[in-house]
2 protein chains.
Amino acid sequence: MATIKDVARKAEVSTATVSAVINDSAYVSPELRARVLAAVRDLSYAPSLAARNLKRGRSQLIALVVADLANPFFSRVVWAAEAAVAAWGYSLLIFNSDEKPEVERRILARVRTLSCDGVILVPVGDSTEHLQNDPDGKPIPTVLFGRTVAGDRSDTVTIDNISAGRQATEYLLDLGHTRLGTITGPLHVTTGRGRLDGMLAAMRSRGLTLESRYIRSGEFREDAAYSVARSLLEQPARPTALYVASGLMALGVMRAVADLGLRCPGDISIASTDTIPGIGGLRPRLTRTEHPLVDMTNEAVRLLVDQIRRGGPAEPRNVVFQPSLVVGDSCAPIVAQPVASPPSSAPMGPAP
Amino acid sequence: MATIKDVARKAEVSTATVSAVINDSAYVSPELRARVLAAVRDLSYAPSLAARNLKRGRSQLIALVVADLANPFFSRVVWAAEAAVAAWGYSLLIFNSDEKPEVERRILARVRTLSCDGVILVPVGDSTEHLQNDPDGKPIPTVLFGRTVAGDRSDTVTIDNISAGRQATEYLLDLGHTRLGTITGPLHVTTGRGRLDGMLAAMRSRGLTLESRYIRSGEFREDAAYSVARSLLEQPARPTALYVASGLMALGVMRAVADLGLRCPGDISIASTDTIPGIGGLRPRLTRTEHPLVDMTNEAVRLLVDQIRRGGPAEPRNVVFQPSLVVGDSCAPIVAQPVASPPSSAPMGPAP
DNA sequence: AAAACTTAACTAATCGATTAGCTGGGTTCG
DNA sequence: CGAACCCAGCTAATCGATTAGTTAAGTTTT
């Protein structure tokens, strides 16, 4: 591997001149510049980032730490982030905390060691402690993505989870459903909690309540959603509609519905927040709220690069995106059905 | 950010001793070792990778360059690779060549600049040229993943594409289908070509031929598959069954089928190679061949780490994994149906 | 024409680690 | 007893770039 010295020797100039040519950092006469460029080509020289970073104190590396790489939602974030980061001249390191706070801690330590210029973090756990990652120096520029952590002063990019839960719920209510259930994420995570809160608010404002036996929370995974959905739906008087807090969970719920011999939307309506892209040809098509993932990711990268450039965090900025409802055919209006008697533990009132 | 000198000063030892303690590279008396460790803790010192890499000439970085990050197949590769790479003590850089050879070339130049210790590459294009990436030194350890490039001497990890195409096709033939069609990937890519060849071989061995108007190839994308599937299915005598060469394309085909008002498997059977994980609750469930993606990824990382350790490529190793058939309900047996009349151009041999 | 600037290029210090080579004190052995 | 050897730890060179500071030549000013 050729070094700057080899180039300097070959072009018969000093290393300073080579550096000046490469970085365009000082005026170099056309003649020498040409000699240097020729030498660079001949030796197919590429400057060592290690050396450059050591001197400059940065690395051109941005780390993206997601909570669960197996979740297609985060795969799309990776896709969008790679493009955004590359457009700014950085490269992207990927880490998976797998929803485990101690793994997240290890990852952040490594991010520091690698002297990444910044981190986009989907935080797990509710502690902000390990985010103060550099007691004796300035902390690594950080943007929290999707989730927030109480008391943290990083920039954040999130969606309005309350609104997402509310919109989906109102859609179900508008179809005439009153006995709703929900499969939501972990309640200590803002996305799980917020979406449930939105749902509760929507119901409350119509004078309805969500029975606690119709609320289930589980990890944002297909299999977790499958099992809690089964246990919810196997109850005597099952809900006529479900709100599911994530696209991946919706798949698990769909599978549970299918395995129980139920039909969607015939027997049960399902609305979700987020979906799996590309499944428009499969039935049923989910009714869901979507959020502008690419815009969110671009914004997160923009905020991060801005922090890096200004060399320290300014007043924390919290950017919130709005979800929008996309109607599929996984929800059906409820047909006028007299409820036989208060459902207590009693039988279901059959229709017509 | 504390440096090794700060630690040395605080512990009242030399930097050499600090280094020895940190790396366990020489015997240090318990007393000094304790002082050093205390200082490390107090200053929350973490060695600078930039400096260490500069000296050692490695970076603990492995690059994964995929052909299309938007394809869920590669998202799963990213997921598996992150875990495998972390287990070996490396960190993972992600790049997306987006099926563009010139982007791939730029990425490989950057990988070199970053002095990555190795690359796992899903090659695009058919040239091996830019893989000889370091004319004047030893090339970067490389493992080709999924696809191969003629004449290249890197290690490779692939699946048996011929077998994948053959198995899926034979399943369709066994159900009685004779008028088959296929949606495959680009034919200059080994995965597209190989799967088609497997299909052709399967048909040939039963004395059947695949009409060229029933063969369509397009990029490995949902939308590309959608449009070529439409054009294929809108032909007068459409096939009774399709083999689709990728999971993502199968989604596009499903959507085309739905938009054309056709029913799967009622009007048309569909088998594919690869699928989208987690869609088991949606209808229909794809019949497809699957390949052991996690094992493949682990093997690729293992081969790469091995190359890195031995410090140069040995005899190239080519590991081929076998696909296996997973039956869903997207295929139906063909019922004895008389074909009305020869469809203009060429007569079909009907089988009562 | 001497003083004062500019300019293009160079020399050498520097970033933060690793490590070859050295030192001085303690053992071992002929 | 002194040569030979060990050992723990230190000094200083080194990796490959950037860049502050210097120099010599040329240009402008007075």
Side-chain angles (χ1 to χ4, degrees), chain A residues 1-37 39-40 43-61 110 112-117 134 136-138 311, chain B residues 1-37 39-40 43-61 110 112-117 134 136-138 311:
Chain A
M1 191 74 171
T3 76
I4 201 173
K5 276 187 199 163
D6 300 325
V7 175
R9 196 174 312 123
K10 175 139 195 170
E12 297 179 293
V13 298
S14 73
T15 62
T17 304
V18 176
S19 179
V21 170
I22 292 170
N23 300 297
D24 242 350
S25 53
Y27 183 85
V28 176
S29 67
E31 191 203 356
L32 288 200
R33 150 172 256 102
R35 276 191 358 231
V36 168
L37 291 177
V40 165
L43 300 170
S44 78
Y45 163 77
S48 145
L49 260 221
R52 176 175 283 178
N53 292 339
L54 173 59
K55 195 72 195 27
R56 289 192 177 159
R58 44 209 168 81
S59 63
Q60 309 272 73
L61 258 30
R110 176 139 189 110
R112 232 183 106 208
T113 304
L114 287 161
S115 62
C116 290
D117 292 347
D134 203 355
D136 52 323
K138 43 185 186 312
Chain B
M1 192 73 172
T3 75
I4 199 172
K5 280 187 197 163
D6 301 325
V7 175
R9 196 174 312 123
K10 176 135 192 172
E12 297 179 294
V13 299
S14 73
T15 61
T17 303
V18 176
S19 178
V21 169
I22 291 170
N23 300 296
D24 242 351
S25 53
Y27 184 84
V28 177
S29 69
E31 192 203 355
L32 288 202
R33 150 172 255 100
R35 287 210 326 250
V36 169
L37 291 176
V40 165
L43 300 170
S44 78
Y45 163 77
S48 145
L49 261 221
R52 175 175 284 178
N53 292 339
L54 173 58
K55 197 72 196 24
R56 289 192 178 160
R58 43 205 169 85
S59 63
Q60 307 273 74
L61 258 32
R110 175 136 190 110
R112 232 183 106 207
T113 303
L114 287 161
S115 61
C116 290
D117 291 347
D134 203 355
D136 52 321
K138 44 186 183 310

Looking only at side-chain atoms of A/Lys55, point me to the closest of C/dC10, D/dG9, D/dT19.
D/dT19

Can you tell me if the side-chain N/O atoms of B/Thr3 get under 4.0 Å from OP1 or OP2 in C/dG16?
no

Distance col, row A/Asn53:CG vs B/Leu49:CG, nearest 0.5 angstrom, shows 10.5 Å

Contact class for A/Thr15 (heavy atom, under 4.0 Å): base, sugar-phosphate, or nothing?
base

Contact under 4.0 Å: B/Ser48 side-chain N or O vs C/dG16 OP1/OP2:
no

Students often get this wrong, so: under 4.0 angstrom with heavy atoms, is B/Leu49 touching a base, only sugar-phosphate, or nothing?
nothing

Looking at B/Ser115, is its backbone amide N or carbonyl O close enough to the side chain of B/Ser59 to form a donor-acceptor pair, meaning the two atoms are under 3.5 Å apart?
yes

Rounding to an integer number of Å, can you tell me how far A/Leu54 CG sits from D/dC15 C1'?
9 Å

Any side-chain heavy atom of B/Thr17 within less than 4.5 Å of one from B/Arg35?
no

Rounded to whole angstrom units, what separation is found between the CD1 atom of A/Ile22 and the C1' atom of D/dT19?
14 Å

Here the distance between atom P of C/dT19 and atom CG of B/Asp24, to the nearest Å, is 13 Å

Reported CD1-to-CD1 distance for the pair B/Ile4 and B/Ile22, which is rounded to 0.5 angstrom:
5.0 Å

Would you mind reading off the distance between B/Leu114 atom CG and D/dG16 atom P, rounded to a whole angstrom?
17 Å

What is the nucleic acid contact for B/Val13, judged by heavy atoms within less than 4.0 Å: base, sugar-phosphate only, or nothing?
sugar-phosphate

Interatomic distance where NZ belongs to B/Lys5 and P belongs to C/dA13 [whole Å]:
13 Å

Give the nucleotide from the list C/dA17, D/dC15, D/dT18 with an atom nearest to the side chain of B/Tyr45.
C/dA17

Spacing of B/Tyr27 atom OH relative to D/dC7 atom P, expressed in whole Å
11 Å

Using a cut-off of 4.0 Å on non-hydrogen atoms, how would the nucleic acid contact of B/Val28 be classed: base, sugar-phosphate, or nothing?
sugar-phosphate

So do A/Lys10 and A/Val7 actually touch side chain to side chain, heavy atoms under 4.5 Å?
no

Integer-rounded Å distance: C/dA17 P and B/Arg58 CZ
16 Å

Would one find a side-chain N or O of A/Ser29 under 4.0 angstrom from OP1 or OP2 of C/dA8?
no

C/dT19 phosphate, OP1 or OP2, under 4.0 Å from B/Ser19 side-chain N/O
no

Among the nucleotides D/dC15, D/dG9, C/dA17, which one has an atom lying closest to any side-chain atom of B/Leu32?
D/dG9

Residue B/Asn23, side-chain heavy atoms: nucleotide from C/dG16, C/dC10, C/dT18 that is nearest:
C/dT18

Please pick, from D/dT11, D/dC15, D/dT19, the nucleotide with the shortest atom-to-atom distance to any side-chain atom of A/Ala16.
D/dT19

Between B/Glu12 (CD) and D/dC10 (C1'), how many Å, whole number?
15 Å

Expected output: side-chain A/Thr113 to main-chain B/Ala46 donor-acceptor under 3.5 Å:
no

